[in-house]
J.: 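Encoded as structure tokens, here's the structure I'll be asking about.
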Amino acid sequence: MYHVVKKRLLATGIALLEVNAPAVAAKVEPGQFVIVRLDELSERIPLTVMDFDREKGTITIVVQDVGYSSAIITRMNEGDEFQDFVGPLGVASEVENYGTVVCIGGGLGIAPVHPIARALKEAGNHVISVLGSRSADLLILEDEMRAASSEVVIATNDGSKGVKGFVTDGLAEVLAQGHQVKAIWAIGPMIMMKAVVDYTRSLGIKTIVSMNPIMVDGTGMCGACRISVGNETKFACVDGPEFDGHLVDFDLAMKRLAFYKDEENQAKARLECDCGKEGGHH
């Protein structure tokens with residue numbers, strides 16, 4: 001069993017869990033993900049790795065309370081266990097010395113962009129990280145990102161911290177300073193990644209996105225995570241999760257992501273109902 005060795009609440013409904021998983025920690029690279037399952041009746045949840053410690057044999061994941069299973073995971077405590085913790089899955093980020101690079105993390109996307117930024121900095125890049133959230137109180141992992149970056153720009157929708165606006169406004173500020181940006185990594189909600197690639201397309205800056213479609217088995221067998229990249233069908237789990245953002249059909253990807261919204265909302269409502277009863281959900 002894979003037990004939680006450390007838990008930290010990063011913001012309302014967002015939990016960081018450090019999990020004992022030595023076999024995964026020995027092999028994982030920035031950009032890869034794991035699939036976790038609480039017990040044999042649980043759904044399989046793909047989560048991008050936020051951090052790893054090969055010596056301690058731990059993997060750090062960040063989970064937001066958005067659906068039934070993720071709500072239960074965010075309520076886990078130190079000592080609780082996952083039945084399955086499979087990984088590393090997917091293709092690692094292409095880390096080399098490009099020069100000046102920008103790592104954009106929106107909302108929960110700050111977690112998976114963290115190990116990428118750190119690896120790029122270790123490879124000799126000047127890493128400018130642009131972190132976005134709806135408001136200052138929802139901004140996560142700022143200290144970790146400052147340690148992993150050369151510079152940090154913050155953008156909040158309501159202007160409560162940093163630039164008022166979206167991550168594209170933060171990126172515009174970086175580019176206005178005259179930085180010769182060679183590559184951009186953008187991870188966050190689908191709509192945010194689409195906005196970034198629309199912004200950088202005319203500028204001709206290579207922009208890599210990490211796709212998070214619906215995923216079931218994580219090995220390319222089920223086809224649930226298929227997306228269209230350069231008019232070719234790709235599977236995010238084995239071909240990705242990172243792709244050239246300028247080639248991704250975001251409209252199709254967003255349609256597919258919304259397939260099970262009603263079912264997700266019903267399951268979440270059931271959980272809230274269960275938790276309100278005597279004893280709650282364990």
J.: Give a yes or no answer on whether the side chain of N125 reaches the backbone of E96 with a donor-acceptor pair at less than 3.5 Å.
T.: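 Indeed, once roles are kept as given, a pair shorter than 3.5 Å links the two residues.
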J.: Are more than 12 heavy atoms, taken from residues, nucleotides or ligands other than F85, located less than 6.0 Å from that residue's CZ atom?
T.: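 Result for CZ/F85: enclosed.
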J.: When rounded to the nearest 0.5 angstrom, what is the spacing between CG in D137 and OG in S160?
T.: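 Going from the CG atom of D137 to the OG atom of S160 covers 6.5 Å.
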J.: Any ion pair linking K255 and D251 (charged N to carboxylate O, less than 4.0 Å)?
T.: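 Answer for the salt bridge query: no.
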J.: Check this for me: does any side-chain nitrogen of one of R54 and E29 sit under 4.0 Å from a carboxylate oxygen of the other?
T.: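 Looking at E29 together with R54, the answer is yes, because their closest N to O distance falls below 4.0 Å.
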J.: For atom OH of Y199, is the number of surrounding heavy atoms from other residues, nucleotides or ligands below 6.0 Å larger than 12?
T.: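 Correct, the count exceeds 12.
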J.: Looking at side-chain heavy atoms only, is the closest gap between S135 and T156 below 4.5 Å?
T.: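 Sidechains of T156 and S135: no contact.
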J.: Is it the case that atom CZ in R201 sees more than 12 heavy atoms from other parts of the structure closer than 6.0 Å?
T.: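 Result for CZ/R201: enclosed.
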J.: Measure from NZ or CZ of R44 to the centre of the six-membered ring of F33 and say whether it is under 6.0 Å with the direction within 45° of the ring axis.
T.: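 No.
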J.: For side chain to side chain contact (heavy atoms under 4.5 Å, CB included), just list the numbers for M76 and V63, CA-CA rounded to whole Å, side-chain angles, deciding distance to a tenth of an Å, and then say yes or no.
T.: CA-CA 11 Å; M76 289 175 80; V63 188; over 6 Å; no
J.: Dump the intermediate steps for side chain to side chain contact (heavy atoms under 4.5 Å, CB included) on L120 and Y98, then the final yes or no.
T.: CA-CA 9 Å; L120 286 164; Y98 300 93; 3.8 Å; yes
J.: Is it true that a side-chain atom of R37 and a backbone atom of E40 form a donor plus acceptor pair closer than 3.5 Å?
T.: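 Present.
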J.: Write out all pairs satisfying salt bridge (charged side-chain N to carboxylate O under 4.0 Å, His left out) with one or both partners inside residues 154-173, taking only residues at least two apart or from two chains.
T.: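 For residues 154-173, and leaving out neighbouring residues, the salt bridge (charged side-chain N to carboxylate O under 4.0 Å, His left out) pairs sorted by first residue read E142-K161.
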J.: side-chain contact (heavy atoms from CB on, under 4.5 Å) with F82: which of D39, I45, I73?
T.: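 Considering D39, I45, I73, a side-chain contact (heavy atoms from CB on, under 4.5 Å) with F82 is found only for I73.
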J.: For K27, which residues count as a side chain to side chain contact (heavy atoms under 4.5 Å, CB included) partner, sequence neighbours excluded?
T.: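 Applying side chain to side chain contact (heavy atoms under 4.5 Å, CB included) to K27 gives P88.
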J.: Using atom types as modelled and distance alone, determine if a side-chain donor or acceptor of K7 lies under 3.5 Å from a backbone N or O of T74.
T.: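 Checked: pair present.
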J.: Supply the atom-to-atom distance L16 CG to I61 CD1, rounded to the nearest 0.5 angstrom.
T.: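 So the CG of L16 and the CD1 of I61 are separated by 8.5 Å.
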J.: Go through the steps for M1 and Q83 under the test side chain to side chain contact (heavy atoms under 4.5 Å, CB included), then give the verdict.
T.: CA-CA 5 Å; M1 294 290 254; Q83 176 170 314; 4.3 Å; yes
J.: Decide side chain to side chain contact (heavy atoms under 4.5 Å, CB included) for D80 and L38; before the verdict, give the C-alpha distance in whole Å, the side-chain angles of both, and the deciding distance to 0.1 Å.
T.: CA-CA 10 Å; D80 290 347; L38 276 169; over 6 Å; no
J.: Please name all residues satisfying side chain to side chain contact (heavy atoms under 4.5 Å, CB included) with E55, sequence neighbours left out, ordered by chain then number.
T.: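 Once residues adjacent in sequence are excluded, the partners of E55 under the side chain to side chain contact (heavy atoms under 4.5 Å, CB included) criterion are D53.
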J.: Do S129 and H114 meet the criterion of a side-chain donor-acceptor pair at a distance under 3.5 Å?
T.: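 There is no such pair between these side chains.
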